[in-house]
Amino acid sequence: MDTPKLKDQATPRHQLEELDAVTIRFAGDSGDGMQLTGTQFTATSAIIGNDISTLPDFPAEIRAPAGSLPGVSGYQLNFSSHDIRTPGDEPNVLVAMNPAALKMNLKDLEPGGILVVNTDAFVESNLRKAAYETNPLEDGSLSGYRVFKLPITSLTMGALEEAKLPHKQMERCKNFYALGLMYWLFDRPLEPTLKWIDQKFSKMPEVALANKLAVKAGYNYAETTEIFTTHYRVVKSDMKPGKYRNITGNEATAIGFIAASQLAGRPLYYGSYPITPASDVLHELSTHKNFGVKTFQAEDEIAAVGAALGAAFAGNLGLTGTSGPGLALKSEFIGLAVMTELPIVIIDVQRGGPSTGLPTKTEQADLLQVMFGRNSECPVAVVAPATPSDCFSMAIEAFRIAIKYMTPVVYLSDGYLGNGSEPWEIPSIESLPRIEVKFRTEKAGFYPYLRDERTLARPWAIPGTPGLEHRIGGLEKQHITGNVNYDPDNHDFMVRLRAEKVARIAQDIPLLEVSGEPEGKVLVLGWGSTHGAITTATEQLRAKGTSVSSAHLRYLNPFPRNLGEVLSRFETVIVPELNLGQLALLVRARFLVDAISFSKVKGLPFKVSEIVKKINEYL
Amino acid sequence: MSEQTLTTNGKIAATLTRKDFVSDQDVRWCPGCGDYSILAQVQKVMPDLGIPKEKIVFVSGIGCSSRFPYYMNTYGFHGIHGRAPTLATGIKTANPELSVWVITGDGDALSIGGNHFIHAIRRNLDIKIILFNNRIYGLTKGQYSPTSEFGKKTKSSPMGAIDYPINPLSLVFASEATFVARSIDTDPKHLSSVVERLARHKGSAFLEVYQNCNIFNDGSHKHFSEREVRDDRTVNLEQGKPLIFGKDRNKGIRLYGVKPEVVTIGENGVTVDDLLVHDETAPEPNLAYILGRMQYPEFPVPIGVFRAVHKPTYDALLDEQVSAAVTAKGAGNLEKLLNSGETWVIGPDG
Ligand code: SF4
C-alpha cells in the first residue's frame, strides 16, 4: 500500500495542511451523478488507507423534475486518519451543484465550512425551482462560509473540447470535474478513478475519455489557479493490519448469505419481490448463480417467502428479503414457518413508515413487528447487524441459528446500513464458522416432530429421502408424531415448546459485551445501525473522563443471557433508537428496568452530538 | 409391492401399488363427498407413473380439498390459504427431480390465491395442479365462491350473490397454460385417464374437476355429471377427433364463425365432416378457449384435455442458468468472492 504522496509538484503558493478527519457532502440534482461522485471519492479514500463511513441520501422519485427540491440527491462521507464509525454529524465541505442542492443542504454545513457551488446552475429558473427569492450567491446570505464560486459546467465544457460528444453528454461530465477539484483539495490520487472509468466505459471509449478529461481538468484547475490557497491531507488510518475492501451493508448481506450457503454445503434459494431499499440484495445475488444460488423474482411478497419456505422444505437454504411493508405481507407465511419448524431467514431492510412511508430513508421501527406481528404466539429468532461489514457476519449467524434450531430467523438491517459503506477487513475462510447440516435419513425411530434434546430442533427430513414420507402443515401438531391434533393440553404444550425452543438459542450466542466500565452511572444500550453513533458518542465522553458505558445488541430474540444482569449494574440505561422506543419497551417489560428511551424518527441516523447531549442530561 | 422392476431411468424400483399411496391418516371428508373419488383415482394412477413415492410431494392451501396431502403416503405440505403454488414453486425449483402436485379448490385458487395461481401457470413451472371445483366454500360452511352462479343464495348471500362467476379455464388459458384438462368426480374412468395425462405432462399442468359438495352445494353439477345424463350433456374431447356426443353419438359441435353450435348429424345435411375436430396441440389456445366457455344447458360440457403443448419449464431454465453461470465463471469460489473488487492491504507497520 502506497502512502499518499505529498504533492511535491504542488507550487509553493499552496499550503498543505494536515487534518484528522473530514466530512464532505456532494449534493446535486438526481441527474447530476452525485452518488457516483461520492462512491468514487469513497473508493479512492479507502484505497489510500483512510477509514471511511458513508451516508447516501437519495430521493424516492426516480427523476423528480430537474432542479427541483424533491430531486436533490446527496452523498456524505467521512474519511479519517483514525477509527471512525459514522458518516459525520456536519459536513465540513459541501459541494452544491445547483440552487436546490444548496437549499436542501446548507443548514447542515458547519459554520465556516467550505462551500463549493456550480455558479452556472444559479440561473433564474433554477433559483425559482429552489424557491430562492434572491440569488444566494449575491445576497450575502453565504457570508458565514468559505464560498468557492466556480462555473463548473462551463469549465467542464471547455475542458472537453477535444472529446467528440454531444453537448448534453459533455455537460454530464461535470460531476467528474467536481470530483477532480475535491481530489486536489484533499490530496487524493486520480489513478483509481481513471482506472475505474476505463473499466466502466470500456465499450464507450469517447465517454471514458470525456470523463477522464473532466476529472483531470478539475484537478489541474485547482492546482494551477489560486482559487484554493490551502489543500488538505488526511493520512491513512491506523487500522488493524489486514486486507480490506470497501463494502455496503447490502453487498455484505448478499455475500454473507452466499458464504452461509458455502459453509453449510447447501444451495442458497432467494425469493424476493423488488422493494426499496432491499432490491440491491436481489440484484447482487442474481449475479452469483455460479455459486448454485437460485434467485426467484416472485409475483409478490407472499410468493417470495412461500417459495423460500418450500425451498427450505426441499433442503435448500431458504431466504427471502424485503422492507417493512413487504414484511407485513409475509407475516402469515412466517407463522407457517414457525408451525412447520423449517429454517428460513427473512431479511428486513427497514425503511421509514408506516405504510409506504419514506422508501429511501432509514428507520428502526419494525422491531416490534418482527417480534410480535403475527397471529397467536409465534416466536422467531431475530438478529440485527450493527455496521455495514457486520452484515456479513450476521448473515452467517442467521442461517447457523435457523438450521441448528430449525426456526425462522429475521435479519433486521435498515436503509442506512444497507446503503452505507465502510472498509471491511476481509476475513479468512478458515475463520468463518461451520454450519452443520444434518438431514435425517434413518428410517427407524423417525417422527417428524421428535426433537433434539438440547436444541429442541425437529429433524430436517427432505423430500427424496426414502422411507421418511411425512406431511407437515399449519394445523397444530401433535408432539412427536406431528399429526394434526386439536387436544387442549397438547396445544398448550406445543405453544410453550415453540417458545422454549427459541429461548434456548440464548445458550448458543455470545454474551453481551460492555464498552467502558462494566458498571456505573450510565449505560447506553443500542441495536442495529445506531452502533456507530452510540460508540463514537460514548468514546468521546469517556475520553473526557466521563463514566459512561455502551452495549450493543446484535441478537434481539432471544436476548443475550446476561442482558438483565448488565442492565442492573447501571443507575441509568438510555436506549437511543430510530423509533418511538421499541427496544426500550421490550427491556422495560422483560427486566423491569426504568430504561430511558431516546427517540428519533426523521428518516436519518443519529448524529453523535445528539447522543452526547442526551447522555449529558443524565450525568 | 416387493416386486422389482426397471423404471424408465434405468433404476431398480420396487413396484408400487395403490395401497402404497394410502397414508395412515383417517380420511375426514363428509361421507358422500366428491373428494373421495378424486383421491381414489389419484392413488390409483400413482403406481403407474414409475416415480418412487419419496420423490412425490403434494402441496395444498386451505379448504376441504386441501386436506388431500394428509391422505397421500408421499411427502406433503398443507400450506395456507391460496399459497400452495408458492410453496410448490420453491420445492420444485429447489429440487427439480421431485414430482410436485398442488391440490386446490375454487376459493383457494381463484379467490384468495388468484395471483399465485396465474403466475405459477404463466412460468410453466413443472407442477401438476388439480382444482376441485364444487362452486362453494365447504370448510367455512357454505358461503358462495368465485365459481358460484350469479344470484346464488348462501349463508353470506341471503339475497343472492351479486358476484359474476369466473370461468377457471378462461383464466388458465389467459395465463398461458401449456396443459389444460377437465373431468368429473362421478366419472372415475375418465378422471383417472386425465390424471395420468396430467402427471405425464412436462410443464405446468392444470386439471379442473367438477366435484360435488353434498353438504353445502349438493347436485351443483348433477345436470350433466350424473351417469344417466352424462352422455347427452357432456362432450369428451379426443385428440384429432370430431366433437361428437350423445347417447346415440349423433350430435356434434360445429363452429359458426367463432361461435360453437350444437348440430345433429344427418339433419339438415350435417355430416361428421362439418364438425369441429379437436386439436389439443394447437399453438394458439383460441379454440380451446371457446370450448372452455361452453356451458350446460346451451351446450354439452366439454371434458378431457383441452390443450397440451410444450415449452421449456421454469425449473429447467433456472437450472440451465445456474449451469451456464458455472460454465462462464467457474464454480463459485468463496475466497475469490470475498476478495473481489478493489482491495488494499494495511501492513503491520500501519
Ligand atoms: S363440506 Fe362439502 S366439500 Fe367439504 S368435505 Fe363435506 S362434502 Fe366435501
Side-chain angles (χ1 to χ4, degrees), chain A residues 1 43 46-47 49 192 236 238-246 255 258-259 262 267 269 271 288-294 296 298-300 302-303 306-316 318 332-333 336 340 426-427 429 463-475 483-484, chain B residues 23 25 52-60 62 69-70 72-81 83 85-95 97-98 115-116 118-119 318-319 321-322 324-326 328-332 334-335 337-350:
Chain A
M1 180 62 223
I47 289 165
K236 67 199 274 186
D238 48 2
M239 288 193 290
K240 210 168 124 227
K243 189 173 178 191
Y244 286 83
R245 67 183 275 192
N246 187 37
I255 66 173
I258 294 172
Q262 296 281 305
Y269 188 99
H288 296 295
K289 291 209 168 89
N290 60 323
F291 282 85
V293 176
K294 287 183 178 171
F296 168 60
E299 60 271 22
D300 60 25
I302 299 170
L309 186 61
F313 180 56
N316 280 16
E332 189 192 19
F333 250 126
L336 183 63
T340 54
I426 301 168
I429 305 292
T465 316
L468 302 189
E469 295 83 8
H470 66 284
R471 276 67 53 193
I472 57 172
L475 290 168
N483 288 336
V484 174
Chain B
S23 82
Q25 302 293 301
K53 62 187 174 135
E54 69 270 14
K55 293 212 164 153
I56 299 170
V57 187
F58 276 83
V59 187
S60 64
I62 297 293
Y70 291 118
M72 293 294 301
N73 191 20
T74 62
Y75 283 90
F77 204 144
H78 179 205
I80 44 183
H81 211 4
R83 318 295 175 214
T86 74
L87 287 165
T89 300
I91 295 166
K92 182 67 188 181
T93 46
N95 183 358
E97 282 189 13
L98 300 172
N115 198 30
H116 310 308
I118 61 177
H119 288 282
L318 184 55
D319 261 12
Q321 286 198 340
V322 170
V326 171
K329 302 201 236 170
L334 186 58
E335 178 109 46
L337 175 68
L338 300 192
N339 287 278
S340 60
E342 289 281 358
T343 62
W344 67 95
V345 174
I346 297 200
D349 51 347

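Since the model is a prediction, treat every value here as computed from it, not as a measurement. Convention: sequence-line order gives letters A, B, ...; per-chain numbering from 1.
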Polar side-chain atom of B:Y70 near backbone of A:N483 as donor-acceptor pair, under 3.5 Å: no
Which portion of A:P267 sits near chain B, non-hydrogen atoms under 4.5 angstrom: neither
Backbone N/O of B:L318 and side chain of A:K294: donor-acceptor pair under 3.5 Å: no
Shortest non-hydrogen separation from A:G310 to B:I91 and the atoms involved: O-CG1, 3.3 Å
Which atom of B:N95 lies closest to which atom of A:A314, heavy atoms considered: CB-CB, 4.5 Å
Gap between atom CG of B:L87 and atom CZ of A:F333 - 0.5 Å precision: 4.0 Å
Point-to-point distance, once rounded to the nearest 0.5 Å, from CG of B:L338 to CD1 of A:I426: 7.0 Å
Non-hydrogen side-chain atoms of B:E54 and A:T465 separated by less than 4.5 Å: no
Contacting region of A:I429 [heavy-atom separation from chain B under 4.5 Å]: side chain
Flag side-chain contact, heavy atom, 4.5 Å: A:I302 against B:N115: no
Heavy-atom proximity to chain B below 4.5 Å, by part of A:A259: both
Contacting region of A:A43 [heavy-atom separation from chain B under 4.5 Å]: neither
Closest heavy-atom pair and its distance - B:T93, A:Y269: OG1-OH, 2.7 Å
Options A:G473, A:P463, A:A303, A:A311, ranked by heavy-atom pairs under 4.5 Å with chain B, top entry: A:P463
Closest-packed option against chain A by number of heavy-atom pairs under 4.5 Å, given B:D319, B:L98, B:I80: B:I80
Part of B:Q25 within contact of chain A (heavy atom distance under 4.5 Å): side chain
Under 4.5 Å from any heavy atom of chain A - which part of B:S340: both
Most chain B-contacting option - heavy-atom pairs closer than 4.5 Å, from A:I258, A:L475, A:V293: A:L475
Side chain / backbone / both / neither for A:Q262 at chain B, heavy atoms under 4.5 Å: side chain
Which atoms of A:F296 approach chain B - backbone, side chain, both or neither, heavy atom under 4.5 Å: both
Flag side-chain contact, heavy atom, 4.5 Å: B:Y75 against A:L468: yes
Choice from B:A331, B:G79, B:G76 maximising heavy atom contacts with chain A below 4.5 Å: B:G76
Any side-chain heavy-atom pair of A:R471 and B:N73 under 4.5 Å: yes
Spacing of CD1 belonging to A:I47 relative to OG1 belonging to B:T343, to within rounding of 0.5 Å: 8.5 Å
Contacting moiety of B:V57, where chain A heavy atoms sit under 4.5 Å: side chain
Check: B:W344 side chain, A:G49 main-chain N or O, donor-acceptor pair, under 3.5 Å: no
For chain B, the option from A:K240, A:H288, A:K289 that forms the most heavy-atom pairs under 4.5 Å: A:K289
Closest heavy-atom pair and its distance - B:F77, A:L336: CE2-CD2, 3.8 Å
Heavy-atom pair count under 4.5 Å with chain A, highest-scoring of B:N339, B:I56, B:I118: B:N339
Contacting region of A:L309 [heavy-atom separation from chain B under 4.5 Å]: both
Contact origin within A:Y244 toward chain B - heavy atom pairs under 4.5 Å: both
